[in-house]
A.B. asks: 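Dropping the structure in here first, questions after.
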Amino acid sequence: MSLDAARKLIAAATRICVLTGAGISAESGIPTFRDALTGLWSKFRPEDLATPEAFERNPAIVWEWYANRRERVAMAKPNAGHRALVELERRAGRFTLVTQNVDGLHARAGSRNLVELHGNIARTRCFGCNRGLDESTMRPGTPPTCAHCGGYARPDVVWFGEMLSEEALQRGFEAARSCDLFLSIGTSTVVEPAASLPFLALEAGARVIEVNPDRTPLSDQAAIWLQGAAGAVLPDLVR
Ligand code: OAD
């Protein structure tokens, strides 16, 4: 029943906004953050690794932890859920995909109108002068250092307590406010400002479809909650 109803909402939609979280990459072998036992925050304390203060306290430990995650991400492949969203974008009128994920799998799957709200773990920038860095502009070290100012290299991802890119935020808010259908996929809907996007869409009169094996703070207000894994549900939804 709800899959058919969701398919009808998609067929009738003219402007679709999609928000994804770590759940869509779980089936690519990338751990989520808050799933019990397997989530990263059930093994590590975010305040020890994912804050500017943690990096200043232990630059080598934080750099190594992200380098390890970067290697794991580089070996991962987009899954059927990522590919279903590429197909949906190809068929939809106006389509914006806003992701909290830093794994780059949506881009690798072929999504085009993509907003990476929390950055991208494959990119590096300087903690001192904020320049984008690559092999040619870094001196070796753990962490490497910026050839321009000598500052430490850091992953180009948003840490807790840091501002998101203004441009990404504006694009995400604009897409949420102007869509007539909002899909929220694989996110626990607890980290702001991303968690506000589905509620902005509801305020603007959009219908919301949520895809998640578990309930979230959004589930009660979603028009349809498709309880299941993104890699299983999305191909059926988009077919
Ligand atoms: P979470 O780990 O908080 O939530 C993952 C969600 O995905 C949960 O609701 C799971 O039930 C669901 N899930 C698990 N497996 C799934 C599957 N196969 N298909 C669909 N859903 C599945 O991850 P996020 O909500 O993405 O912040 O976390 C948001 C932010 O908190 C992240 O971007 C990161 C983290 O700290 C920063 O990097 C700043």
Side-chain angles (χ1 to χ4, degrees), residues 3 6 18-55 62 65-66 69-70 72-73 76-85 97-106 109 114-123 125 154-165 168-169 172 183-199 208-220 222 224-238:
L3 194 61
V18 180
L19 172 68
T20 61
I24 197 167
S25 295
E27 291 152 279
S28 294
I30 297 177
T32 62
F33 293 94
R34 293 175 184 82
D35 276 316
L37 299 182
T38 58
L40 285 178
W41 297 158
S42 63
K43 292 185 185 144
F44 303 99
R45 288 167 11 112
E47 53 273 27
D48 290 346
L49 291 161
T51 64
E53 295 75 21
F55 185 68
V62 173
W65 188 69
Y66 276 91
R69 280 181 65 201
R70 183 184 301 138
R72 186 167 189 169
V73 160
K77 302 222 176 330
N79 64 56
H82 296 102
R83 289 194 293 274
L85 292 182
L97 171 51
V98 184
T99 189
Q100 301 170 85
N101 300 340
V102 298
D103 57 34
L105 289 184
H106 285 302
L114 175 64
V115 182
E116 291 183 318
L117 272 188
H118 292 161
N120 186 314
I121 201 168
R123 287 197 304 264
R125 60 185 162 86
R154 57 159 293 170
D156 188 13
V157 300
V158 175
W159 281 330
F160 287 104
E162 289 190 315
M163 300 292 288
L164 277 70
S165 117
L169 214 45
L183 278 77
S184 183
I185 301 165
T187 178
S188 57
T189 325
V190 295
V191 174
E192 294 298 347
S196 299
L197 295 179
F199 298 96
V208 171
I209 297 171
E210 183 177 39
V211 178
N212 196 314
D214 298 345
R215 296 191 71 77
T216 75
L218 176 64
S219 306
D220 290 342
I224 298 173
W225 170 42
L226 298 174
Q227 182 175 20
V233 169
L234 289 178
D236 279 349
L237 182 63
V238 172

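Order of appearance sets the numbers: ligands from 1, and atoms from 1 within every ligand.
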A.B. asks: For residues 34-44, pull every pair meeting side chain to side chain donor-acceptor pair (under 3.5 Å), keeping only residues two or more places apart or in separate chains.
C.D. replies: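 Sorted result for residues 34-44: T32-D35.
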
A.B. asks: Who passes side chain to side chain donor-acceptor pair (under 3.5 Å) against W225, sequence neighbours left out?
C.D. replies: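 In terms of side chain to side chain donor-acceptor pair (under 3.5 Å), with neighbours along the sequence ignored, W225 is linked to no residue.
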
A.B. asks: Answer yes if the side chains of T99 and E116 hold a donor-acceptor pair under 3.5 Å, and no otherwise.
C.D. replies: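 Distance-only check fails for T99 and E116.
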
A.B. asks: For ligand 1, give me the residues whose heavy-atom distance to it is below 4.0 Å, by chain and number please.
C.D. replies: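 Residues G21, A22, G23, A26, E27, T32, F33, R34, D35, W41, Q100, H118, V158, F160, G186, T187, S188, V191, N212, P213, D214, A229, A230 each place a heavy atom under 4.0 Å from ligand 1, listed by chain and number.
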
A.B. asks: Looking only at side chains, do E210 and T216 share a donor and an acceptor under 3.5 Å apart?
C.D. replies: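 Distance-only check passes for E210 and T216.
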
A.B. asks: Considering residues at least two apart in sequence or located in another chain, which fulfil the ring-ring contact (aromatic ring centres under 6.0 Å, His included) criterion with F44?
C.D. replies: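 F44: ring-ring contact (aromatic ring centres under 6.0 Å, His included) contacts with W65.
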
A.B. asks: Are V158 and L117 packed together at the side-chain level, in the sense that at least one heavy-atom pair is separated by less than 4.5 angstrom?
C.D. replies: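 When only atoms from C-beta onward are counted, L117 and V158 do not touch, as no gap falls below 4.5 Å.
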
